[in-house]
Asker: 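Questions regarding the structure given below will be posed in turn.
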Amino acid sequence: MDHPQLLNQIADAVCAGDSPRSTDLGSRALQAGATPLDIIAAGIRGLDEIGERFQRLEAFLPELAAAGDAMRALKAVLAPALAEQPVAQAVSGKIVLGTVWRDIHDIGKNFVGSLLAVHGLEVVDLGVDVPVKRFAEEAEAVGADIIGLSTLLSTSAYYQQDVIQHLIDTGRRHAHYVVVGGGPVTADWAAEIGADGFGRTARDAVEVCRRLMETDAPPPLDRPLVVE
Amino acid sequence: MIRNFERLVRVLDRARTGTVCTVADWDKQKLPGAIGSVLARHGLRKTCDPLNPVNTDTELADRFFRAGYELALETGILCVDTERIITVTADELDDALATAEDALELGRGTERIVLAARRPESRTPALLLGTLSLLVDEALWLPVMTAIHSNRRVALLNGLTSGTILGTPMLGGTPLETVAGLVEAERRRQVAWATGRRGIPQMGISNSTTEMGHLGGAAALPRGAVHQCLAPAELKTSYGHMNKIAMALGYDGRIRTGTHSFIGGYSGPPEGAVVTGIAADLLQFAVHQAHIAGCYIFDIRYNGNCGRHALWAQSVAIQALTRNTGLVNDKVVNQTAGPCTEMLLRESAAGLITVGVSGAGGSWGPRSASGRHKNHVTPLEVWFSADVLRASAQLDLAAANDIVKSLVERYEADLDRPPRGKPVQECFDLTTLAPSDEWGAMRDRVTAELRDLGLPL
């Protein structure tokens with residue numbers, strides 16, 4: 001099979017959330033002469049398709065999550081080849097994501113995480129009810145570009161502020177962009193607490209992260225990048 | 001009370017000893033698989049009819065009920081703290097449903113109300129049960145709550161929340177939240193006195209995002225008050241949630257518990273959200289000792305439930321429950337637009353007509369501006385909602401569907417980017433209790449529109 005055919009099958013496998021098939025096809029495509037960038041582009045085509053199906057109510061959060069997992073698996077198998085092509089690294093970024101302290105709501109955070117993965121970002125999901133310091137610790141440990149802070153509760157939104165303050169107090173505010181979102185979170189709140197980004201919806205959050213990964217300005221930004 | 005504690009203890013035992021299932025496996029495998037299976041078994045896939053947002057096929061609703069009942073027994077509820085599944089037997093579920101009260105007397109004196117099970121097209125109006133836990137400045141909490149509840153069409157004292165307590169940020173899960181619960185209970189008494197409604201039934205605690213606020217405020221609520229115990233997600237529970245239930249049982253409160261089922265989320269399509277919502281409502285009685293079930297539908301794509309798919313799903317789920325059980329329930333409408341917009345009123349009308357004609361016992365809200373923007377709630381939309389809910393008792397399903405179709409057409413293009421509207425200080429006079437000219441004119445226009453469409457307002 002030539003690699004254009006394999007690339008189409010990779011797109012289908014990622015769209016179907018089939019991780020084993022995605023990695024198998026990825027390896028075979030490399031052997032057949034496809035470049036890592038071509039293979040990633042094929043995976044992204046699959047992710048775009050699942051995103052469109054979601055909007056049409058033909059696919060749902062479990063399918064989005066599976067497609068994100070398949071893309072992550074595909075990128076893992078390409079990692080050695082990607083390392084030889086530094087330019088390829090520009091297509092990705094890494095985000096540490098979680099629902100802040102004393103909030104156990106996860107569906108909004110999971111939705112954002114799945115969409116971010118669908119759009120090619122590497123997502124480290126810390127789960128829910130995440131203590132303030134852990135965001136900073138994990139972001140440093142994995143070398144995250146972005147820290148994403150979700151909450152559905154106005155009483156937990158203050159912990160978004162505390163995460164940012166902790167980064168300032170420990171001298172690490174320059175190391176990560178901080179993006180905030182969730183039910184009671186607004187652009188005004190993002191500006192008030194010194195966040196770098198705010199998206200009203202999950203799709204907006206993806207756009208914010210994409211733009212942050214493209215900006216030349218280091219964190220913290222003078223004002224948050226807002227999409228709503 | 002002891003019997004209910006025995007039930008709760010049995011549930012807590014199962015939360016510790018039930019089948020192991022991680023949250024990830026539950027979300028990605030167990031729940032979607034069970035939902036897909038039950039929909040297929042009952043031939044319910046692709047039955048959603050978004051062109052007719054109020055379902056008129058009651059036989060379809062009955063089939064969904066049977067599917068939801070089966071799903072409840074198949075899945076049970078996941079405890080997210082222990083990652084164990086709490087299952088119930090058919091006998092236990094049937095017993096819980098059979099022993100649940102079909103009418104609750106709430107409040108006292110002239111403020112006494114009866115929140116009862118209704119059926120589709122019931123001529124007894126559903127009740128507007130106060131507003132939601134929307135965020136306002138602490139200084140506005142008393143005047144806005146007093147204004148809202150000065151109108152007796154608002155049957156129960158409920159909501160709002162403030163972001164601070166005595167001027168300090170109210171951090172969830174800390175003693176500040178406990179203090180907030182206590183202060184809220186005291187301020188509720190002030191509202192009841194200021195409005196001359198000392199016996200008004202109450203539902204609380206609004207400032208209770210974890211069990212801490214409830215710990216503070218629940219004991220200070222009037223005896224027999226409704227204790228609001230919101231579950232973390234559809235078919236999930238937590239120790240925090242069950243702490244609230246234990247407190248409510250101990251304080252002789254009525255338990256209102258539930259959460260939303262997400263279209264597009266782990267429940268999948270609208271049909272999946274319906275069947276999950278029904279299962280969740282039933283399990284609130286067997287697992288969470290509910291007196292009032294409050295599971296409702298939500299569309300994750302725009303964070304609301306006034307679009308076609310969500311309205312259809314909401315109508316089917318309510319019809320299924322109310323045609324096949326005598327369970328007391330309320331159903332929440334989630335608007336996206338803010339005050340001083342006609343869209344908020346149209347969303348409210350569409351949502352409340354749908355839940356009212358489908359048989360919900362009550363509703364609370366609205367969730368003006370999606371509950372996102374501080375101070376974006378006014379008494380006008382609460383009173384308007386009460387009027388619409390009452391009028392919807394004069395409709396049959398087909399007439400309601402015609403009205404709702406017409407309303408949805410006028411706002412659905414804006415659900416993705418709804419207008420934020422204005423904060424209460426800019427469009428409502430809290431002293432004279434009158435809306436601004438602009439906001440009042442909008443209310444008059446939409447009211448006239450609804451009358452023209454056939455709603456007997």
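Convention: sequence-line order gives letters A, B, ...; per-chain numbering from 1.
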Asker: In terms of heavy-atom pairs under 4.5 Å with chain A, which of B:P32, B:S267, B:G268 leads?
Answerer: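 So the answer, after comparing B:P32, B:S267, B:G268, is B:G268.
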Asker: Kindly indicate whether the side chain of B:L171, heavy atoms from C-beta on, has any atom under 4.5 Å from the side chain of A:W101.
Answerer: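 No, side chains not in contact.
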Asker: Side chain from CB out, backbone as N, CA, C, O: work out which of these in B:R367 comes under 4.5 Å of a heavy atom of chain A, or both, or neither.
Answerer: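 Contact with chain A involves no heavy atom of B:R367 at all.
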Asker: Between B:H373, B:E177, B:R417, who has the most heavy-atom pairs with chain A when the cutoff is under 4.5 Å?
Answerer: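 Top option by heavy-atom pairs under 4.5 Å: B:R417.
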Asker: Please classify the contact of B:T259 with chain A as side chain, backbone, both or neither, using a heavy-atom distance under 4.5 Å.
Answerer: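 Contact with chain A: none, neither part.
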Asker: Between A:D69 and B:K28, is a side-chain contact (heavy atoms from CB on, under 4.5 Å) present by the stated rule, with each step listed?
Answerer: CA-CA 12 Å; A:D69 291 344; B:K28 294 179 183 176; 3.5 Å; yes
Asker: Below 4.5 Å from any heavy atom of chain B, which atoms of A:D103 appear? Answer side chain, backbone, both or neither.
Answerer: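 Neither part.
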Asker: What part of B:P169 is in contact with chain A, defined as an atom under 4.5 angstrom from a non-hydrogen atom: side chain, backbone, both or neither?
Answerer: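 Interface part for B:P169: both.
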Asker: Nearest heavy-atom pair of B:R372 and A:T186: which atoms, and what distance?
Answerer: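 Closest pair (atom of B:R372, atom of A:T186, distance): O-CG2, 3.4 Å.
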Asker: State, yes or no, whether a side-chain contact exists between A:D106 and B:D27 at a heavy-atom distance under 4.5 Å.
Answerer: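 The answer is yes; the side chains approach within 4.5 Å.
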Asker: Is it the backbone or the side chain of A:F54 that comes under 4.5 Å from a heavy atom of chain B, or both, or neither?
Answerer: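 It is both, since atoms from each part get that close.
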Asker: Identify the two heavy atoms, one from B:R301 and one from A:Q55, that lie closest to each other, and give their separation to 0.1 Å.
Answerer: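 Smallest heavy-atom distance, with atoms named: NH1-O, 3.3 Å.
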Asker: So does A:T201 get a backbone contact from the side chain of B:Y302, meaning a donor-acceptor N/O pair under 3.5 Å?
Answerer: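 Absent.
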Asker: Please classify the contact of B:I300 with chain A as side chain, backbone, both or neither, using a heavy-atom distance under 4.5 Å.
Answerer: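 Both backbone and side chain.
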Asker: Do A:L57 and B:P270 have side-chain heavy atoms sitting under 4.5 Å apart?
Answerer: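 Side-chain contact under 4.5 Å: yes.
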Asker: With rounding to the nearest 0.5 Å, note down the distance linking CD1 in A:I104 to CG in B:D81.
Answerer: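 Taking CD1 in A:I104 and CG in B:D81, the distance rounds to 6.5 Å.
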Asker: Chain A heavy atoms under 4.5 Å from B:F262: which part of the residue, side chain, backbone, both or neither?
Answerer: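 Side chain of B:F262 only, per the 4.5 Å heavy-atom cut-off to chain A.
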Asker: Using side-chain heavy atoms (C-beta onward) and a distance below 4.5 Å, is A:T155 in contact with B:N207?
Answerer: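 With C-beta onward as the side chain, the pair stays apart.
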Asker: Are any non-hydrogen side-chain atoms of B:T209 and A:H105 less than 4.5 angstrom apart?
Answerer: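 B:T209 does not reach A:H105 side chain to side chain.
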Asker: Looking only at heavy atoms and a cut-off of under 4.5 Å, which of B:L31, B:L134, B:D416 has the most pairs with chain A?
Answerer: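 Of B:L31, B:L134, B:D416, B:D416 has the most heavy-atom pairs under 4.5 Å with chain A.
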Asker: Can you tell which of A:I107, A:L64, A:L152, A:N110 has the highest number of heavy-atom pairs within less than 4.5 Å of chain B?
Answerer: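 The residue among A:I107, A:L64, A:L152, A:N110 with the greatest pair count is A:I107.
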Asker: Going through the checks in order, is the salt bridge (Lys or Arg N to Asp or Glu O under 4.0 Å) test met by A:D188 and B:K374?
Answerer: CA-CA 10 Å; A:D188 292 343; B:K374 190 192 280 187; over 6 Å; no
Asker: Given heavy-atom pairs under 4.5 angstrom as the criterion, report whether the side chain, backbone, both or neither of B:S238 touches chain A.
Answerer: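 Side chain only.
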Asker: Could you report the tightest heavy-atom contact between B:G265 and A:P62, atom names first, then the distance?
Answerer: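 Looking at all heavy atoms of both residues, the closest pair is O-CD, 3.5 Å.
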Asker: Please look at A:R200 and chain B and tell me whether the side chain, the backbone, both or neither of the residue comes under 4.5 angstrom of a heavy atom of that chain.
Answerer: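 Answer is both: backbone and side chain atoms of A:R200 are under 4.5 Å from chain B.
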Asker: Between B:I35 and A:F60, does the side-chain contact (heavy atoms from CB on, under 4.5 Å) criterion hold? Intermediate values first, please.
Answerer: CA-CA 13 Å; B:I35 291 167; A:F60 311 102; over 6 Å; no
Asker: So which residues of residues 124-149 of chain A are in contact with chain B at a heavy-atom cut-off of under 4.5 Å?
Answerer: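 From residues 124-149 of chain A, none sit under 4.5 Å of chain B.
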Asker: Is there side-chain contact between A:Y158 and B:T164, with heavy atoms separated by less than 4.5 Å?
Answerer: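 The answer is yes; the side chains approach within 4.5 Å.
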Asker: Where on B:D299 is there a heavy atom nearer than 4.5 Å to chain A: the side chain, the backbone, both, or neither?
Answerer: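 Answer is neither: B:D299 stays 4.5 Å or more from chain A.
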